[in-house]
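These values consider heavy atoms only, across backbone and side chains, with no hydrogens, waters or symmetry-generated copies.
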Amino acid sequence: MYDVRVLLRIPSSAPQTTEMCLFPFGSLAGATFACFLFLGSVTGKPSSLAVDVRGHGVKFIDGPIAGNVGVATSDNLGYFTNITLGGLNLTVILDTGSFDLLVNTGGLPPHITNTTDIEASEEFGSGSALGNVDFAELQLGDFTIQSQAFLNANSLDGLGDAQGILGMSFNVDSPIRAAIAEAWGSQAADTLANTPMPALFAQDTNLSQNFDVQLARASELDTSAPGVFIIGTHDPDFQSVASAPQLQVVTIDHWSLVMDGMKVNGKEFTFDISRVEGVPAGKVAAALDTGFSLPPLPPAAVDAIYSSIPGAVYVQSQQQWFVPCDASTNLSFVFAGQEFFVHPLDLTYPVVGTISGVQRTVCINTYQYLTLDSNDFTGFDLILGDAFLRNVYASFNYQSTQPGNSGPFVQMISTTTNGAEAMQEFKTQRAATLSKLPPLVDPSNAAHGTVNSATTTSSACSGIVCVAVALSAFLLL
């Protein structure tokens, strides 16, 4: 099952210009929008490139950082890394929720090690990809896979400036692998059609079978937001992850873990019985997915979070919470008895819309209603995307080293550990963001489509992405 959710893109503007994604607040119902900024053998050792993000896209700058391939964002909505495929340097989405490597090179042909007439297709969110399965040398930092299967897409809709997707999940449900198996047989698929990480680890059995991710948080106060994407080792600043509990994956098609629970202001929320076989009573399966910017949770869980914020207003017709931009709550998710707290900046998102023809700003809920058809997805009860993953350093391991546990697992340590410091960061950075946006509107007025002219901020909207997000559904195909 392919599960990239990349929707409408609106580029960030430079300080002297203004490009906005504007919708009347009343028209958000029934639509789904997001404005994204996109800017053989294995050889080598873990490598690094520092990442600088300005304007459109991801740029790598000089200065190696030991062990880090690199991942970056400039708007907290999309996370990207650079790869070299058949001699072409490409910017792709780093996605733990999908399987394959798929690219559209824009007419620039990579050096192909083997070409086929095997056609495959993949769909994601509002976009899709169709093309032939080809093989080329893939470089990730200093690692080289001599012949990686990939979808050489004729077109790749819905990804903005990104030139492809680097799937970081398992071989199961890979459309490329299925196409090769159908055309050449399962033995050929087992040998030739591994997805990128299994391909790398199968070819270098001495390499530790893990990749680690720490997603950076972009802000108006910084021009770049480099994070960690590292293969085969741990970042020097996060070595303690090696001793964190090994959270076993509960399905073979997602990085889904048993989650003990969720707490709002210290109060435990009670989830319904898990749909996933083997998940203990009272717990649920949570998929960790870097390709999902706004995490979808069961509606009752979302309501428990945002109803705890004074002044927040729920709009039934839009399945959306309008929240005071300077307000927050205390949210944590619990794994193996350990609480992982969510930074206040990751709970709400400022959006710009129109009320009676007037531009206004309001904040919306980052954690969304899970409205996916249960017949269309399996393996998890909820998805913890970027708004959660920015708060952890996560090590994704394909092979357990513990006796009796041979399957994949994840280890995590918290990066949001000081609540007072996080709240001060929230106040400072949110104020800086709002100073670049049109005047604020009270959540209750936004919900009813009326303007309160007494609430004002700067009317400019430069240097940030102005996003209108309808929260009726995310697509999982």
Side-chain angles (χ1 to χ4, degrees), residues 1 3-5 34 71 73 76-79 93-98 168-169 211-217 227 241 244-245 247-251 253-264 268-269 271-272 274-276 279 283-302 304-306 329-349 365-372 377-397 408-416 471 474 476:
M1 181 168 54
D3 59 357
V4 179
R5 281 72 39 201
V71 62
T73 187
N76 298 326
L77 293 175
Y79 286 84
I93 300 166
L94 182 68
D95 188 11
T96 60
S98 61
M168 302 296 291
S169 191
F211 69 90
D212 294 5
V213 173
Q214 192 270 316
L215 300 182
R217 183 180 295 105
V241 74
L247 307 172
Q248 298 296 314
V249 170
V250 295
T251 64
D253 53 357
H254 293 284
W255 289 103
S256 293
L257 314 175
V258 173
M259 188 176 83
D260 296 348
M262 181 185 85
K263 294 183 179 181
V264 180
E268 292 188 6
F269 173 81
F271 287 96
D272 291 338
S274 174
R275 301 185 312 109
V276 180
V279 174
K283 302 183 180 183
V284 292
L288 305 185
D289 190 342
T290 61
F292 235 123
S293 56
L294 307 180
L297 308 178
V302 176
I305 296 169
Y306 293 97
T329 191
N330 190 330
L331 174 66
S332 64
F333 296 93
V334 184
F335 292 87
Q338 181 182 355
E339 280 191 79
F340 294 87
F341 290 92
V342 175
H343 198 290
L345 286 167
D346 295 321
L347 288 176
T348 58
Y349 203 96
N365 49 307
T366 303
Y367 287 79
Q368 303 292 315
Y369 273 20
L370 177 64
T371 58
L372 305 172
F377 68 92
T378 59
F380 55 84
D381 300 301
L382 55 89
I383 299 173
L384 293 180
D386 300 340
F388 169 77
L389 292 170
R390 280 190 290 273
N391 298 277
V392 301
Y393 179 98
S395 180
F396 297 80
N397 297 263
F409 66 94
V410 176
Q411 293 171 291
M412 295 190 297
I413 55 176
S414 178
T415 59
T416 301
L471 311 170
F474 276 90
L476 183 62

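When atom types are taken as modelled, the side chain of D289 and the backbone of G385 share no donor-acceptor pair closer than 3.5 angstrom. Looking only at distances, no side-chain donor or acceptor of Y306 sits under 3.5 Å from a matching main-chain atom of T329. Side chain of T290 to backbone of L94: a donor-acceptor contact under 3.5 angstrom is found. In this structure, R217 contributes its side chain and L345 its backbone to no donor-acceptor pair below 3.5 Å. No donor-acceptor pair under 3.5 Å is formed between the side chain of S274 and the backbone N or O of D381. Side chain of N391 to backbone of V342: no donor-acceptor contact under 3.5 angstrom is found. For S395 (side chain) and Q411 (main-chain N/O), no donor-acceptor pair under 3.5 Å exists by modelled atom type. Checked by atom type and distance alone, the side chain of T415 pairs as donor or acceptor with a backbone atom of V392 at under 3.5 Å. Checked by atom type and distance alone, the side chain of Y367 pairs as donor or acceptor with a backbone atom of A387 at under 3.5 Å.
Counting heavy atoms from C-beta on, the side chains of Q248 and V258 never come closer than 4.5 Å. Counting heavy atoms from C-beta on, the side chains of V249 and L257 come closer than 4.5 Å. Side chains of L384 and F335 form a contact here, defined as non-hydrogen atoms less than 4.5 Å apart. Counting heavy atoms from C-beta outward, L297 and V302 have side chains that approach closer than 4.5 Å.
In plain terms, the two heavy atoms of A287 and S256 that are nearest each other are CB-OG, 3.6 Å. Across all non-hydrogen atoms, the minimal contact from D260 to G337 is OD2-N, 2.7 Å. Between L382 and P298 the shortest heavy-atom distance is CB-CD, 3.9 Å. Summarising the geometry of T73 relative to G78, their closest heavy-atom pair is OG1-O, 2.8 Å, with the distance given to 0.1 Å. Across G379 and D253, no two heavy atoms sit closer than the pair CA-OD1, 4.4 Å. Residues A336 and L247 approach most closely at CB-CD2, 3.6 Å, considering heavy atoms.
The line from CZ of R390 to OG1 of T366 is 7.5 Å long, rounded to the nearest 0.5 Å. In this structure, the separation between CD on E339 and OG1 on T416 is 13.0 Å, given to the nearest 0.5 Å. Here the CG atom belonging to N330 is positioned 9.0 Å from the CG atom belonging to L347, to the nearest 0.5 angstrom. To the nearest 0.5 angstrom, K263 atom NZ is 13.0 Å from F333 atom CZ. Once rounded to the nearest 0.5 Å, the distance linking CD of E268 with CE of M262 reads 10.5 Å. Rounded to the nearest 0.5 Å, atoms CD1 (I383) and CD (Q368) are 12.0 Å apart.
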Give the intermediate values and the outcome of side-chain contact (heavy atoms from CB on, under 4.5 Å) for residues I305 and F269. CA-CA 9 Å; I305 296 169; F269 173 81; over 6 Å; no
Trace of the side-chain contact (heavy atoms from CB on, under 4.5 Å) decision for L288 with F388: CA-CA 9 Å; L288 305 185; F388 169 77; 4.2 Å; yes
Does V213 form a side-chain contact (heavy atoms from CB on, under 4.5 Å) with Y79? I'd like the steps, not just the answer. CA-CA 11 Å; V213 173; Y79 286 84; over 6 Å; no
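Of the residues listed (F396, F409, F292), the one engaging W255 in a ring-ring contact (aromatic ring centres under 6.0 Å, His included) is F396, and it is the only one.
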